[in-house]
Each structure stands twice: as structure tokens, then as C-alpha cells.
Amino acid sequence: MSPLLVKAKSGSTIVEVTPASAGWTHVGFAAHRLAAGEHISLETGQRELCIVVLTGTVTVQAGEQRWEAIGKRASVFENVSPYAVYVPLDTQVSITAVSAAEVALCSAPATTHRPARLIEPASMTRSVRGQGANTRYVCDILPQTEEADGLLVVEVVTPSGHSSSYPPHKHDSDNVPLESSLEETYYHRLNPEQGFAYQRVYTDDRSIDEAMAVENHDVVMVPRGYHPVTVPYGYDGYYLNVMAGPKRVWHFKNDPAHEWLMHTK
């Protein structure tokens, strides 16, 4: 199995990636499933956190602030933006499921104690990228235009038979504004759930060249290189991206071999 593929588990912690387990510096990611009444607690330490309510309804306590019964999606494939909560460093957090829920915990190093805040669906920008069989649907949960130290969080739905993160692009060089250096995780979901998608991660010199079949709830880690996704016919794909690096800005470079695709109609 590829060292970049983290397989889902059946327990309450579906998947977890830490900087130590990934062998990198910035991005942390975990997904949890909670039955009604169950809760998880954590301390953010020297990291900031973006809690994304993927499905179901939860109550979040972050320090002295509390948000009751947030979340309204039954599926990540609904045409509805999620609720999310931004939590700064050095904060005690508790997440309690009001109904059966799935939550994502996205984290990165932080030095600024910003106020915890609710990120409501109405504040998130939704857009369409690509054309033809490269069309996908994007929701910016925590973009670079919103306050945070390092985190960037976005979700994408890729329709049946379409490609995404395509033409292949990378963001692994500190060469702003042409390109920024960002680690990234892809948390995949498939509809129907028995489906699979393909993701390739490769570098120009092919020192990394991994092609992976990803199933429902799997994570692909992208330490560097290009990272396109393809979803076979009959299944829709979803992924939640978490990015972070030395600078909180997203600039990418397309693979020159495939950039011609940007100029076709």
C-alpha cells in the first residue's frame, strides 16, 4: 500500500494524520463519527483548529464560547455548505453530538490567539471550476481571505465520471506569487459508499510517483508534487482539503505537460 494513503477505520476515530505520522511540519487532520450523546474533548495546544461539521448536528464548546446544535447536512453530497468553528491555540474544546454526526478536525501550527468563531454556511463562497468532464463544485470553508494563522480548508464535489484537481497542479515551492509551499490532505467520500476513486501524487523528477485507489473515508497525503483525482462513472466523489505551510497563501503551478488543457474549449 502507498505510504501516502491512510485507510479508514471502523471505530469512532475514522482516520487521523498528525505531522509526526505524516513526516511533515504543518497539517493535522482527523475525522470522527459520533453517535447521539457522544462527545470528544481536546486541547488545541500550540495549534489552531477548524472543526467542520460534515454531517449531523453537534454542540461545540471552545473555551468560554458555546454553539448549540450546529450542522444540518445528512450527507456531504447535499448542495449545502457545512457549519464550521474556528478555534485558536491554547483552548479547551468539547464536541457533543446532538444527532449522529461526522466531524473533521483540521489543524496547523499557530502563534496568534484569535477569537474562536462560528463559520456559518451563508458566509462560505461556493463556485464551479473547470468545464466539461473537468467540472467540479467548490465550497471555501476557511479561505485565505478569512482570519487564521496557517489553515486553509475547502471542500469539493466531483461528479460521476469527472476529474478534479486537474489539470494536475502542485504547490510545493516557496516562490510566491508564482507558487506557494503547502502540505495538503484529501479526505475522500464516495456516493454510493461502495465506490472508489483514483488519485495520483507525483513530482517532476518522479521521486514521488504514487497511484492510489481510494475508498470511502480514506485520506491521501500530499507532501509535495502534483495530485489529480479521477472519479469513475456511476459514483460521485467528495473531498475535504486541508492545507498549511510557511505562508498562508495558495498559489499553484500546473504540470507543464498538461497545461494545454487550460486552453481548450
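Owing to the predicted nature of the structure, the values given are computational and were not obtained by experimental measurement.
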Hey, is the main chain of [Y] close enough, under 3.5 Å, to the side chain of [X] for a donor-acceptor pair?
X	Y	result
Thr57	Ser99	no
His258	Pro168	no
His32	Ala30	no
Ser2	Leu4	yes
Glu179	Lys253	no
Arg66	Val60	no
Thr44	Asp90	yes

> Who passes salt bridge (charged side-chain N to carboxylate O under 4.0 Å, His left out) against Glu38, sequence neighbours left out?
Replying inline: none
Are a donor atom and an acceptor atom from the side chains of [X] and [Y] found within less than 3.5 Å of each other?
X	Y	answer
Arg126	Ser81	yes
Thr112	Asp149	yes
His217	Glu193	no
Ser94	Gln61	no
Asn175	Ser173	no
Ser165	Tyr239	yes
Gln199	His188	yes
Asp204	Tyr226	yes
Glu155	Tyr238	yes
Glu48	Tyr86	yes
Thr158	Arg136	no

Could you tell me whether the side chain of [Y] reaches within less than 4.5 Å of the side chain of [X], counting heavy atoms only?
X	Y	answer
Leu240	Leu54	yes
Tyr166	Leu261	yes
Leu142	Leu152	no

Short N-O contact, [X] and [Y], less than 4.0 angstrom:
X	Y	result
Asp255	Lys170	no
Lys7	Glu215	yes
Arg189	Glu102	yes

> Does Ile14 belong to the same Ile/Leu/Val/Met/Phe/Trp/Tyr cluster as Val242, with side-chain heavy atoms less than 4.5 Å apart forming each link?
Replying inline: yes
> Are Val6 and Tyr187 in one and the same hydrophobic cluster, where Ile, Leu, Val, Met, Phe, Trp and Tyr link if side-chain heavy atoms are under 4.5 Å apart?
Replying inline: yes
From [X] atom [atom1] to [Y] atom [atom2], the distance as rounded to the nearest 0.5 Å:
X	Y	atom1	atom2	answer
Ser123	Leu118	OG	CG	8.0 Å
Tyr235	Ser160	OH	OG	9.5 Å
Asp140	Thr125	CG	OG1	5.5 Å

>> Show, in sequence, the C-alpha distance, side-chain angles and deciding distance for Arg200 and Glu210, and conclude whether the salt bridge (charged side-chain N to carboxylate O under 4.0 Å, His left out) test is met.
In response: CA-CA 6 Å; Arg200 184 185 181 196; Glu210 301 283 340; over 6 Å; no
> Can you tell me if CD on Glu64 sees more than 12 non-hydrogen neighbours from other groups inside 6.0 Å?
Replying inline: no
> Around Phe196, counting heavy atoms of other residues, nucleotides and ligands shown, do more than 12 lie under 6.0 Å from its CZ?
Replying inline: no
